[in-house]
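Residues take their numbers from the sequence shown, with the count starting at 1. Heavy atoms only: backbone and side chains are in, while hydrogens, waters and symmetry mates are out. Just so you know, ligand 1 is whichever comes first in the structure, and atom 1 is the first atom listed for that ligand.
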Amino acid sequence: MTRGDSYTVFFDQLLQKNRPFAAWSLPGETAPEILLGEPSDILFLEDFDRLNGQEGFVFAPFRIDENSPLILMKPGVYLKDEKAIKAFDIEALPSLECKTPASRDFYIIAQENYLKDIDETVRVIQSTKLSKVIVSRIIPAKRGNESIGELYMQLRRQTPNAMVYLVNLPGAGLWMGATPEVLLQSKGKTLETVSLAGTQSRRDDSDYRWHTKEIEEQAFVSRYMLDVFYKFNIHPYTTQGPETLESGRVAHLKTSFNFSAKKVEDKLGDFVAQLHPTPAVCGLPKSKAHRFISTIEKHDRRYYSGYLGPWRMNDCIRLFVNLRCMEITADNYMLYSGGGITARSVPAEEWDETTKKATTLLSAIEAVQTNDFNKETHSATGLFTAGQRN
Ligand SMILES: C=C(O[C@@H]1C=C(C(=O)O)C=C[C@H]1O)C(=O)O
């Protein structure tokens with residue numbers, strides 16, 4: 001059952017008909033934008049630099065493989081506000097066959113094993129050239145019969161300063177998230193990229209003090225951005241920050257970098273391919289961190305810590321790093337959450353940080369599940385797996 005606003009109903013109908021679509025709302029914007037596609041509008045690209053010359057909505061994985069292709073949905077029907085939704089004849093859209101995805105294993109790490117892994121990670125960082133690596137985990141929550149459309153609208157209400165998205169795409173499945181992290185966005189003739197790292201709980205008084213661990217961790221990301229700028233001969237550029245950015249229940253350190261779009265206009269795809277994955281989600285040195293993640297993490301990240309958003313659609317780029325996100329299966333919400341590990345990391349604090357980062361999504365799920373008119377069919381005790389609430 002849903003509260004029945006036009007967006008909620010629209011999203012639920014699209015899902016019922018198994019239509020490919022992407023919906024997103026930008027930080028501070030009111031209405032979600034929606035791109036509807038036909039299966040023939042979906043391109044699977046072989047490499048990150050294949051975005052050169054393309055336009056559409058991108059859904060990119062952390063690493064490309066057969067389970068997680070790089071997806072570009074070409075501009076099909078674009079609906080930009082509620083009026084457009086109401087005018088659109090959704091009844092006329094045919095349902096598409098739902099190809100049951102190969103059932104996947106989601107490795108849910110126990111707390112004691114996660115703590116051991118972080119301990120081991122810190123030791124490796126202290127004794128090798130690896131200086132920072134992001135280690136993540138999956139946090140499961142039970143899915144009831146609540147409306148996914150309503151959950152998306154709830155998430156938007158709870159995190160107005162994030163890019164809040166819902167996508168249903170062949171090859172990827174159903175994903176939702178509320179990410180604070182810009183990878184690359186255009187503002188007129190200027191491009192902006194952002195270095196975001198360091199986490200603490202959100203404060204009511206806004207009196208944030210940052211410690212050496214977080215300052216250093218974020219500085220690694222900024223330094224990396226400048227290395228990429230150097231490779232692409234991007235000069236001059238302006239910076240703003242580091243400053244505090246609040247998102248959901250946490251706050252981060254953020255520096256933004258702005259430069260003329262002309263510098264990369266004919267090699268935008270290469271530029272993004274070079275930026276991704278940044279040390280905010282992978283680590284430093286990049287290739288070492290990438291290899292380390294493959295060995296320490298037992299789950300597949302898929303689209304978590306990839307990136308998504310409109311790509312040169314209506315001359316506009318809005319790519320965000322896919323954080324604070326979840327994969328939605330028939331029975332569960334699989335939330336992905338990670339944190340930057342450095343020589344100064346304390347395992348128990350890292351566990352708490354990943355839990356805190358997941359509260360944005362968990363509290364939206366809880367809100368929708370407990371407001372449901374049909375409460376008795378999924379009692380509150382079934383909402384979360386033990387030990388996951390903070
Ligand atoms: C990796 C995540 O977030 C990233 C890691 C951060 C950190 O380590 O402090 C902060 C913001 C993000 O760049 C996540 O949310 O899963």
Q: Step through the shown structure and confirm whether more than 12 heavy atoms of other residues, nucleotides or ligands are within 6.0 Å of OH on Tyr230.
A: no
Under 3.5 Å, which donor-acceptor pairs do the side chains of residues 166-183 form with other protein atoms, sequence neighbours left out?
{"unit_1": "Asn168", "atom_1": "ND2", "unit_2": "Arg19", "atom_2": "O", "d": "3.1"}
{"unit_1": "Trp175", "atom_1": "NE1", "unit_2": "Ala172", "atom_2": "O", "d": "3.2"}
{"unit_1": "Thr179", "atom_1": "OG1", "unit_2": "Glu181", "atom_2": "N", "d": "3.1"}
{"unit_1": "Thr179", "atom_1": "OG1", "unit_2": "Val321", "atom_2": "O", "d": "2.6"}

Q | Aromatic plane relationship, Tyr7 with Phe11 - under 30° parallel, 30 to 60° tilted, over 60° perpendicular | A | parallel
Please tabulate, line by line, the atom pairs linking an N/O of ligand 1 to a protein N/O at a distance below 3.5 Å, with the distance in Å to 0.1, or answer 'none'.
{"unit_1": "ligand 1", "atom_1": "3 (O)", "unit_2": "Arg324", "atom_2": "NH2", "d": "3.3"}
{"unit_1": "ligand 1", "atom_1": "8 (O)", "unit_2": "Glu217", "atom_2": "OE2", "d": "2.9"}
{"unit_1": "ligand 1", "atom_1": "8 (O)", "unit_2": "Gly340", "atom_2": "N", "d": "2.7"}
{"unit_1": "ligand 1", "atom_1": "9 (O)", "unit_2": "Gly198", "atom_2": "N", "d": "3.1"}
{"unit_1": "ligand 1", "atom_1": "9 (O)", "unit_2": "Thr199", "atom_2": "N", "d": "3.4"}
{"unit_1": "ligand 1", "atom_1": "9 (O)", "unit_2": "Thr199", "atom_2": "OG1", "d": "2.6"}
{"unit_1": "ligand 1", "atom_1": "9 (O)", "unit_2": "Glu217", "atom_2": "OE2", "d": "3.4"}
{"unit_1": "ligand 1", "atom_1": "9 (O)", "unit_2": "Glu353", "atom_2": "OE2", "d": "3.3"}
{"unit_1": "ligand 1", "atom_1": "13 (O)", "unit_2": "Glu181", "atom_2": "OE1", "d": "2.6"}
{"unit_1": "ligand 1", "atom_1": "13 (O)", "unit_2": "Leu196", "atom_2": "O", "d": "3.0"}
{"unit_1": "ligand 1", "atom_1": "15 (O)", "unit_2": "Arg324", "atom_2": "NE", "d": "2.6"}
{"unit_1": "ligand 1", "atom_1": "15 (O)", "unit_2": "Arg324", "atom_2": "NH2", "d": "2.8"}
{"unit_1": "ligand 1", "atom_1": "16 (O)", "unit_2": "Tyr304", "atom_2": "OH", "d": "2.7"}
{"unit_1": "ligand 1", "atom_1": "16 (O)", "unit_2": "Gly338", "atom_2": "N", "d": "2.8"}
{"unit_1": "ligand 1", "atom_1": "16 (O)", "unit_2": "Gly338", "atom_2": "O", "d": "3.4"}

Q) Is the ring centre of His235 less than 6.0 Å from the ring centre of Phe229? A) no
Q. What pairs with Asp204 under salt bridge (Lys or Arg N to Asp or Glu O under 4.0 Å), at least two apart in sequence or on another chain?
A. none
Q) Any side chain to side chain donor-acceptor pair (under 3.5 Å) pairs touching residues 120-133, not counting sequence neighbours? A) none
